[in-house]
Amino acid sequence: MSSLSNHGRLLADVGGTNARMAWQDGPGAPIEHIEILPVAQHASLQSAIDVYLKQLGRRPAVAAIAMANPVTGDHVQMTNHDWSFSQAALRETLGLSTLRVLNDFTALALALPHLPASELRQVGGNAAVPNAAIGLLGAGTGLGVSGLLPDGAGGWVPIAGEGGHVTLPASTARERVVMDALIARHGHASAERVASGTGLLETFQILCETDGVDPLHIDSAAEVTEAALQGQHAQALETLHIFCDVLGAVAGNLALTLGARGGVYVGGGVVPRLGTWFDTSPFRERFEAKGRFGPYLGEIPVWVITSPQSPALLGAACALDART
């Protein structure tokens, strides 16, 4: 049937909780037909894609999939979910001429130069330095880290790394309590163990256990956040402060490492949901708390990405058409 002939592009942004899928007719065309599929409701990525394409009634010629895990070879294994697949097998099964699989924050980094100012909210700092390195991090189910480096010819080179798994930068007594508990549980306390959705819940549980306080049936990151913002639980509010402290410390480390005078962007699902509360949180103070380099960081702008649709889908499209 002509309606099922292979044309157009399948775009996907796959995280540990949801897989966002979309369609694009070709380079520069609108990204449309965006659907969110909970990963827990599908046995595999292939299964989720089949559901989406059947609903859409189309078959793509090419695809780009942004994944919340490192992509180092043909075999892809998610970090915060049990989905895994062979890129070659998926390409053959879908009948694709091209399949690009890349880290989700690498995809998000590719989208940064194309985000309109209306989808960004600045949190401190001054103006970005043109053609300087750019940092990117964001908390969702995990903690993603990336960035862009200028290529010397007016374009950008994205960074594909796993910076969310650096050692937790604990600086206060309470952060060290959390860090010690995480080491006892996991053997290593990474920044992601605190500065992520899963980290919010585990930090809250550790603080409640340490203080002998009833968690009041709070058993999800969303409930921790709501209890904190509504002033309903002291340990929930402390958890959110520690989350912002650690995120700020990691962001400051990233800015120093990259020399990110082009600014630092904050994406992911957690921070945008905090709204303007985040702007006066401990994040910015901790971002700049680097001793002699505090003034250097004080000049660097930070932007929260507030895009209504996943910018990683745009980044996936950029990966296909090399629009970097």
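Everything numeric here is computed off the predicted structure, so don't read it as measured data.
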Heavy-atom closest contact ([X] atom, [Y] atom, distance):
{"X": "Q46", "Y": "L94", "answer": "NE2-CD2, 3.7 Å"}
{"X": "A191", "Y": "V250", "answer": "CB-CG2, 3.7 Å"}
{"X": "T203", "Y": "R193", "answer": "OG1-O, 4.1 Å"}

Intermediate values then yes/no, side chain to side chain contact (heavy atoms under 4.5 Å, CB included), L256 and L297: CA-CA 8 Å; L256 288 175; L297 289 168; 4.1 Å; yes
Qualifying salt bridge (charged side-chain N to carboxylate O under 4.0 Å, His left out) pairs with a residue from residues 239-256, counting only residues at least two apart or across chains: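 Applying salt bridge (charged side-chain N to carboxylate O under 4.0 Å, His left out) to every pair that reaches into residues 239-256, excluding sequence neighbours, yields D245-R286.
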Could you state the interatomic distance from [atom1] ([X]) to [atom2] ([Y]), rounded to the nearest 0.5 Å?
{"X": "L53", "Y": "E35", "atom1": "CG", "atom2": "CD", "value": "11.5 Å"}
{"X": "E175", "Y": "I242", "atom1": "CD", "atom2": "CD1", "value": "6.0 Å"}
{"X": "L110", "Y": "D321", "atom1": "CG", "atom2": "CG", "value": "9.5 Å"}
{"X": "L216", "Y": "E223", "atom1": "CG", "atom2": "CD", "value": "11.0 Å"}
{"X": "N18", "Y": "Q41", "atom1": "CG", "atom2": "CD", "value": "9.0 Å"}
{"X": "W156", "Y": "D151", "atom1": "CH2", "atom2": "CG", "value": "9.0 Å"}

Sequence neighbours excluded, every pair satisfying ring-ring contact (aromatic ring centres under 6.0 Å, His included) that has a member inside residues 177-232: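 Of all non-adjacent pairs touching residues 177-232, those that pass ring-ring contact (aromatic ring centres under 6.0 Å, His included) are F204-H233.
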Ionic contact status for R174 with D211, cut-off 4.0 Å: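 Looking at D211 and R174, the cut-off is met.
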L45 vs I65 side-chain heavy atoms within contact, under 4.5 Å: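 L45 vs I65: side chains touch.
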Distance-only donor-acceptor hits, side chain of residues 120-144, under 3.5 Å, sequence neighbours excluded:
residue	atom	partner	partner atom	Å
R121	NE	D279	OD1	3.2
R121	NE	D279	OD2	3.0
R121	NH2	G275	O	3.0
R121	NH2	D279	OD1	2.9
Q122	NE2	G124	O	3.1
Q122	NE2	G125	O	3.4
Q122	NE2	N126	O	3.1
N126	ND2	E299	OE1	2.7
N126	ND2	E299	OE2	3.1
T141	OG1	T17	OG1	2.7

Shared hydrophobic cluster, L102 / L149 (ILVMFWY, side-chain heavy atoms < 4.5 Å):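 Different clusters.
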Cluster link I36 to L313, ILVMFWY, side chain under 4.5 Å: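 As far as the 4.5 Å side-chain criterion goes, L313 and I36 are not connected within one cluster.
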F278 and F283 aromatic ring geometry - parallel, tilted or perpendicular at 30°/60° bounds: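 Ring orientation, 0 to 90° scale: tilted.
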From CA spacing to verdict: side chain to side chain contact (heavy atoms under 4.5 Å, CB included), E32, D25: CA-CA 9 Å; E32 51 191 0; D25 283 334; 3.9 Å; yes
